[in-house]
Protein chains: 2
Amino acid sequence: MNDEAKVTGRGPAKADEPIEAERPTLKTIAFMAGLGVTTVSRALKDAPEIGQATKNRVRLIAKQIGYRPNRAGVRLRTGKTNVISLVLNAQSEIMGLTSNMVYGISEVLSNTPYHLTVTPYSAENDPMQPIRYIVETGSADGIIMSRTEPDDPRVRYLTEHGIPFATHGRTEMGIEHPYHDFDNETFADMATKSLLAKGRRRIAMMGGPSPAVTYFRHLQRGFLRAIEEGNATPIAVAGIDVDTALGTIRRKTEEVMSRPNRPDGIVCCSGSTAIALVAGIEAAGLKIGHDVDLVSKQTSDVLHWFRPEIIVVNEDIRHAGRQLAQAVLRRIEGADPRELQSLSYPF
Amino acid sequence: MNDEAKVTGRGPAKADEPIEAERPTLKTIAFMAGLGVTTVSRALKDAPEIGQATKNRVRLIAKQIGYRPNRAGVRLRTGKTNVISLVLNAQSEIMGLTSNMVYGISEVLSNTPYHLTVTPYSAENDPMQPIRYIVETGSADGIIMSRTEPDDPRVRYLTEHGIPFATHGRTEMGIEHPYHDFDNETFADMATKSLLAKGRRRIAMMGGPSPAVTYFRHLQRGFLRAIEEGNATPIAVAGIDVDTALGTIRRKTEEVMSRPNRPDGIVCCSGSTAIALVAGIEAAGLKIGHDVDLVSKQTSDVLHWFRPEIIVVNEDIRHAGRQLAQAVLRRIEGADPRELQSLSYPF
DNA sequence: TCCCAAACCTGAAACGTTACAGGTAGCCTA
DNA sequence: TAGGCTACCTGTAACGTTTCAGGTTTGGGA
């Protein structure tokens, strides 16, 4: 049977130190219950071969002494890390995106044994690098990532290696995988139409992502469709992306809005861009809602209270985080990826 | 000696599966080098009792086969988790704070074996709860936390338990611990003085934190000192904190700025608050830089390009993240906490 | 020639968990 | 009464690492 000394501590407590309670293990419970360690392990995970009375007894003791399974032990034995990794591009910080994503994911994870680790990579680095690291070292059970591209090497790699993951954004590579996306096509369509409805005819779209990212195409498609249906003129404005420095946006906007053939309506795809846009527009001596109308997507609630004249559409990133977390968790449990694909719609 | 089968795999690979390369362990290297596992372990950590030639040989093999220590093994044996935990209040999302903090910390951690996990807690919950969880389950080697209070129970608890940590913000409880803080007293002083220099005499301060948080006092002190020295009148405006909903701020500001005894200068302590303030001010029919002057601190670069009339002071949260990460790491190595205390200054 | 220390290297044990391959008691059936 | 089934429970081994307590060789000094 068990040796009591081994259960209660590593030796006699020194007189001048407080008796530090050892963290309880399965062995502690086994000793207290007069059972084998195996039985306790099984009882705690509700295995069918353990009697109900024993289970109750074990669970009572476990709760009383505050037993928590040692993650290192579990991980070493089973390979299960109980970690979800959020892989992020540190550059693309659309206002509040990272934080809301983190908080959304955490909300879901807080009721589970999973922890969240964040792995940012800098823009100069290969996006594959953190992914490979996680897979090679087996440091997470699931991955959440953003900046999804139509033909995304990360998606291919993870699928080949059978690692559960979910992407913020869709791909176009014929691989069914969990994702959550905002319906940017509908957003661009609706946004453009609302400008058309105000009589605007010379419309530009700004503040979208790099063309490499999938949702750039969605935006483009929705925008161009509405423009065409409305018989309006699309104004191309280069160099105002969501990753562009705000000072550059402001300057560029002022310049664009001073041209004779300036747009009279703007669809903006990000909140921080919108703020710099407004600054540029007003620096050019124009008035929002009079000379030009502005519709913008936002991922934090800043715009709402900034200029009531701006038509604001919310993309709820926190909700996206929740969806993505749910998706990876269910994928880890083996769910069909096609059931883990969701879209949110602009209202 | 070692059994080759044990080193190269768990059995013959099935014909229809690709030969999945097993992840190398110390045993793999030991077998390849014709050494004992112990020797390899020691060689890799540069122990003095291993010969130089052996070290070189072992390290070469390790590098060649891409050996990475198994974290679960290390953690189980030594108790070292190689994890730093960032504990955050999910409510207090000052614009971009969370993300910049995360990125700053990651920058430092990326050159170390440490991973970053994020543990948010909701405002309704006890701030001690996540801290206790981490300590009880031993799930991190170090903790970074914010919203530091003058008499902070978390600081007391962690100090008593000897867990390395660093706080964003100072305490006033006579415990020397690592921290990084922004010199909010100087900020408030400078900000107020710059308003005085513009001839403003009726000055309010808004957008600070909850009075429970330490830096509330710093702001107050700097503000009141400058007010007194300048023989100006402080205008008290209640209910416009950094955590207040922006809609509320906007409404309240409009109301305050419509009073006959309205402030003619405002010191604002957060960027998002400033945006809502401006909206309120302009809704009241006033013009920034004419009827009222505004100085604001910001933690993202939005304000800069928003209204040039606003005097902007930057608090670099990314830098704070770097400092805090450095501090915990050095604390883990046993450095004196008094050498891990730093302040950044408004320029 | 013998002994001893220094320089290197070693196997076994342990961390906490789960999987494997049983073991035992009690009871029912033939 | 034997055989066998069911319901519960058990010890041992293993995951990969580090620590402990040695072991072996080499070379130098007496």
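Below, chain A is the first sequence line, B the second, and so on; all start at residue 1.
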Please list residues of residues 56-67 of chain A whose heavy atoms come under 4.0 Å from any atom in DNA chain C, ordered by number; otherwise none. A:Tyr67
Results of side chain to side chain donor-acceptor pair (under 3.5 Å) for A:Tyr157 - residues two or more places apart only: none
Taking only residues two or more places apart in sequence or in another chain, which ones pass salt bridge (charged side-chain N to carboxylate O under 4.0 Å, His left out) with A:Glu107? A:Arg318, A:Arg322
Grab the CZ-C1' distance between A:Arg23 and C:dA14 for me, whole Å please. 17 Å
Taken to the nearest whole Å, CG/B:Leu44 to C1'/C:dC8 is 16 Å
Quick check: does any side chain N or O of B:Thr159 sit under 3.5 Å from a backbone N or O of B:Val155, one acting as donor and the other as acceptor? yes
Under 4.0 Å: is that the gap between some side-chain N or O of B:Thr39 and OP1 or OP2 of C:dC8? no
To the nearest Å, give me how far apart CD (A:Glu49) and P (D:dC5) are. 19 Å
Would you say the ring centers of A:Tyr179 and A:His168 fall short of 6.0 Å from each other? no
When all nucleic acid strands are considered with a 4.0 Å heavy-atom cut-off, which category describes A:Thr25: base, sugar-phosphate, or nothing? sugar-phosphate
When rounded to whole Å, the CZ to C1' distance for the pair B:Arg71 and C:dG16 reads 18 Å
Nucleotide N/O of nucleotides 19-23 of chain D paired with protein N/O under 3.5 Å:
{"unit_1": "D:dT19", "atom_1": "O4'", "unit_2": "B:Arg77", "atom_2": "NH1", "d": "3.3"}
{"unit_1": "D:dT19", "atom_1": "O4", "unit_2": "B:Thr38", "atom_2": "OG1", "d": "3.2"}

Spacing between A:Arg68 atom CZ and C:dC15 atom C1', to the nearest angstrom: 20 Å
Quick check: does any side chain N or O of B:Asp141 sit under 3.5 Å from a backbone N or O of B:Lys80, one acting as donor and the other as acceptor? no
Mind listing the side-chain donor-acceptor pairs of residues 58-71 of chain B below 3.5 Å, one per line with the distance, residues two or more places apart or on another chain?
{"unit_1": "B:Arg59", "atom_1": "NH1", "unit_2": "B:Ala43", "atom_2": "O", "d": "3.4"}
{"unit_1": "B:Asn70", "atom_1": "OD1", "unit_2": "B:Ala72", "atom_2": "N", "d": "2.8"}
{"unit_1": "B:Asn70", "atom_1": "OD1", "unit_2": "B:Gly73", "atom_2": "N", "d": "3.0"}
{"unit_1": "B:Arg71", "atom_1": "NH2", "unit_2": "B:Pro113", "atom_2": "O", "d": "2.4"}

Where each residue is assigned the nucleotide of DNA chain C containing its nearest heavy atom, which of B:Lys55 and A:Pro69 is assigned the position nearer the 5′ end? B:Lys55
Closest to the B:Leu35 side chain: D:dT10, C:dC9, D:dT17? C:dC9
Please give, in whole Å, the distance from D:dC15 P to B:Leu26 CG? 13 Å
List the atom pairs, donor and acceptor, that lie under 3.5 Å between side-chain atoms in residues 130-139 of chain A and the rest of the protein, sequence neighbours left out.
{"unit_1": "A:Arg132", "atom_1": "NH2", "unit_2": "A:Asp126", "atom_2": "OD2", "d": "3.3"}
{"unit_1": "A:Tyr133", "atom_1": "OH", "unit_2": "B:His115", "atom_2": "NE2", "d": "3.1"}
{"unit_1": "A:Thr137", "atom_1": "OG1", "unit_2": "A:Tyr133", "atom_2": "O", "d": "2.8"}
{"unit_1": "A:Thr137", "atom_1": "OG1", "unit_2": "A:Ser139", "atom_2": "OG", "d": "3.2"}

Checking all strands, does A:Gly36 fall into the base, sugar-phosphate, or nothing category for heavy-atom contacts under 4.0 angstrom? sugar-phosphate
B:Lys27 NZ to C:dG11 P: how many Å, rounded? 12 Å
At their closest point, which heavy atom of B:Thr28 faces which heavy atom of B:Thr25, and how far apart are they? OG1-N, 2.8 Å
Compare every heavy atom of B:Leu324 with every heavy atom of B:His180, then report the nearest pair and how far apart it is. N-CD2, 3.6 Å
Hey, does A:Ile50 reach any base, or is it just sugar-phosphate, or nothing, if we go heavy atoms under 4.0 Å? sugar-phosphate
Separation of A:Leu76 atom CG from C:dA14 atom P, in whole Å? 16 Å
